[in-house]
Student: 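Pasting a structure here, questions to come.
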Amino acid sequence: MVKPYYEPNVHDTETLRAVAHPIRSRILGLLRYEGPATASQLGRRLDESSGSTSYHLRQLARYGFVEEDPDQPNRRDKRWRATHAVTSWRRADGSADPEWRQISDALGRRQLLKAVDQYQRWAASEERFDDRWESTGGFFDHMLALTPSQLAQLDRDLMEVFDRYRTQPPPAEPDEPVRHVAVYQQLLPFEEMPL
């Protein structure tokens, strides 16, 4: 069973380092958003050998991020699935370890660059969505004045909303198309209002 968003699943530097590997991050993304897959299927999607993806799957399993799918298609091909909806940790958990901070910051930068890349691909797309998509979503820049405990509560509240939409979304209108939707969240305190 996939665990909810708001439960941190990384608590030590070794695990954070293991999941930070770029190929492993991509494998996890595919398993989370496209569902269970074999090493060969993942290798084709990532332009990697099945030996490489098999190795990285074993490493992810060692740290509890993937597991064998109980619904195996046959005895020959082992199918894997993600065990967590997201990879999460608290930066403060490893704040005394410089390597933890370095890996944590590098992962944050990678996510930000991924968000910029996704936006640029969306903006350059020749095939714009129909009006139902164009009139929804968007970009938001909310600046709030909060205490640390209020920020922690906001984070928990948002994670619960995301978890609810992942597991029990509201009913769809008839004949609506379904697409993956990227939601990026930054909860970063600043000394003064960034301009």
Student: Do you know the tightest heavy-atom contact between Gln150 and Ala145?
Tutor: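 Heavy-atom minimum between the residues: OE1-O, 4.3 Å.
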Student: When rounded to the nearest 0.5 angstrom, what is the spacing between CG in Asp47 and OG1 in Thr53?
Tutor: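 Between atom CG of Asp47 and atom OG1 of Thr53 there are 11.5 Å.
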Student: Show me, pair by pair, the donor-acceptor contacts under 3.5 angstrom made by side chains of residues 35-46, not counting sequence neighbours?
Tutor:
unit_1: Thr38; atom_1: OG1; unit_2: Gln41; atom_2: N; d: 3.1
unit_1: Thr38; atom_1: OG1; unit_2: Gln41; atom_2: OE1; d: 3.4
unit_1: Gln41; atom_1: OE1; unit_2: Thr38; atom_2: N; d: 2.8
unit_1: Arg45; atom_1: NE; unit_2: Glu34; atom_2: OE1; d: 3.2
unit_1: Arg45; atom_1: NH2; unit_2: Glu34; atom_2: OE2; d: 2.5

Student: Any salt bridge between Asp117 and Arg121, counting N to O under 4.0 Å?
Tutor: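 Result for this pair is yes, salt bridge flagged.
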Student: For Ala18 versus Arg24, what's the shortest heavy-atom pair and its separation?
Tutor: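 Scanning both residues completely, I find the closest heavy atoms to be O-NH1, 2.9 Å.
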Student: Using 0.5 Å steps for rounding, measure from the OG1 atom of Thr15 to the NE2 atom of His11.
Tutor: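 That separation rounds to 8.5 Å.
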Student: State, to 0.1 Å, how close Ala96 and Arg101 come at their nearest heavy-atom pair, and which atoms those are.
Tutor: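 Heavy atoms of Ala96 and Arg101 come nearest at C-NH1, 4.0 Å.
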Student: Please lay out, stage by stage, how Gln185 and Phe162 fare under the test side chain to side chain contact (heavy atoms under 4.5 Å, CB included).
Tutor: CA-CA 11 Å; Gln185 172 182 315; Phe162 295 146; 3.1 Å; yes
Student: Using modelled atom types only, decide if a donor and an acceptor are shared between the side chain of Asn74 and the backbone of Asp77 within a distance under 3.5 Å.
Tutor: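 Yes; at least one donor-acceptor contact below 3.5 Å.
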Student: Shared ILVMFWY cluster between Val183 and Tyr165, side chains joined below 4.5 angstrom?
Tutor: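 As far as the 4.5 Å side-chain criterion goes, Tyr165 and Val183 are not connected within one cluster.
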Student: Using residues 106-114 as the side-chain source, report each donor-acceptor pair under 3.5 Å to any protein atom, sequence neighbours left out, with the distance given to one decimal.
Tutor:
unit_1: Arg110; atom_1: NH1; unit_2: Ala20; atom_2: O; d: 3.0
unit_1: Arg110; atom_1: NH1; unit_2: Ser25; atom_2: OG; d: 2.9
unit_1: Arg110; atom_1: NH2; unit_2: Ala20; atom_2: O; d: 2.5

Student: side-chain hydrogen bond (donor to acceptor under 3.5 Å, both in side chains), that's the test. Do Arg17 and Thr13 meet it? Break it down for me.
Tutor: CA-CA 6 Å; Arg17 185 184 326 108; Thr13 303; over 6 Å; no
Student: Measuring from atom OG of Ser52 to atom CD1 of Ile23, what distance do you get when rounded to the nearest 0.5 angstrom?
Tutor: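 If we round to the nearest 0.5 Å, Ser52:OG and Ile23:CD1 are 4.5 Å apart.
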Student: Cluster question for you: counting only ILVMFWY and a side-chain heavy-atom cut-off of under 4.5 Å, with indirect links fine, are Leu144 and Leu158 together?
Tutor: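 Linked, Leu144 and Leu158 end up in one cluster.
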Student: Which atom names give the shortest non-hydrogen contact between Ala182 and Gln118, and what distance separates them?
Tutor: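 The pair with the smallest heavy-atom distance is CB-OE1, 3.7 Å.
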Student: What's the separation between atom CG in Leu154 and atom OG in Ser149, rounded to the nearest 0.5 Å?
Tutor: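 If we round to the nearest 0.5 Å, Leu154:CG and Ser149:OG are 11.5 Å apart.
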Student: Near Glu176 CD, under 6.0 Å, is it more than 12 heavy atoms from other residues, nucleotides or ligands?
Tutor: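 Enclosed.
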Student: Give a yes or no answer on whether the side chain of Glu67 reaches the backbone of Gly64 with a donor-acceptor pair at less than 3.5 Å.
Tutor: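 Not at all, since once roles are kept as given, no pair shorter than 3.5 Å links the two residues.
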Student: According to ring-ring contact (aromatic ring centres under 6.0 Å, His included), who are the partners of Tyr55, at least two apart in sequence or on a separate chain?
Tutor: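 With neighbours one apart ignored, the set is empty.
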Student: Over all heavy atoms of both residues, which pair between Val86 and Arg32 is shortest? Give the atoms and the distance, please.
Tutor: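 Closest heavy-atom pair between Val86 and Arg32: C-NH2, 3.4 Å.
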Student: Can you tell me how far apart NE2 (His21) and CZ (Arg26) are? Round to the nearest 0.5 Å.
Tutor: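 Taking NE2 in His21 and CZ in Arg26, the distance rounds to 11.0 Å.
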Student: Taking all atoms of both residues into account, what is the closest heavy-atom pair of Trp80 and Leu57, and its distance?
Tutor: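 Scanning both residues completely, I find the closest heavy atoms to be CD1-CD1, 3.4 Å.
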Student: So if you build clusters from Ile, Leu, Val, Met, Phe, Trp, Tyr with side-chain heavy-atom gaps below 4.5 Å, do Leu146 and Met159 land together?
Tutor: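 Yes, Leu146 and Met159 fall within the same hydrophobic cluster.
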Student: Go through the steps to decide whether Phe65 and Gln59 satisfy the test side chain to side chain contact (heavy atoms under 4.5 Å, CB included), and finish with yes or no.
Tutor: CA-CA 9 Å; Phe65 290 97; Gln59 291 302 306; over 6 Å; no
Student: State the CG-CZ distance between Asp163 and Arg156, to the nearest 0.5 angstrom.
Tutor: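 Nearest 0.5 Å value for the CG-CZ distance: 14.5 Å.
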Student: Give the C-alpha distance, both sets of side-chain angles, the deciding distance and a yes or no for side chain to side chain contact (heavy atoms under 4.5 Å, CB included) between Tyr63 and Val19.
Tutor: CA-CA 8 Å; Tyr63 291 96; Val19 76; over 6 Å; no
Student: Would you check, one step at a time, whether the test side chain to side chain contact (heavy atoms under 4.5 Å, CB included) holds for Arg81 with Leu31?
Tutor: CA-CA 6 Å; Arg81 69 179 186 179; Leu31 292 176; 5.8 Å; no
Student: Between Glu68 and Arg79, does at least one N-O distance fall below 4.0 Å, as a salt bridge requires?
Tutor: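 Arg79 and Glu68: not salt-bridged.
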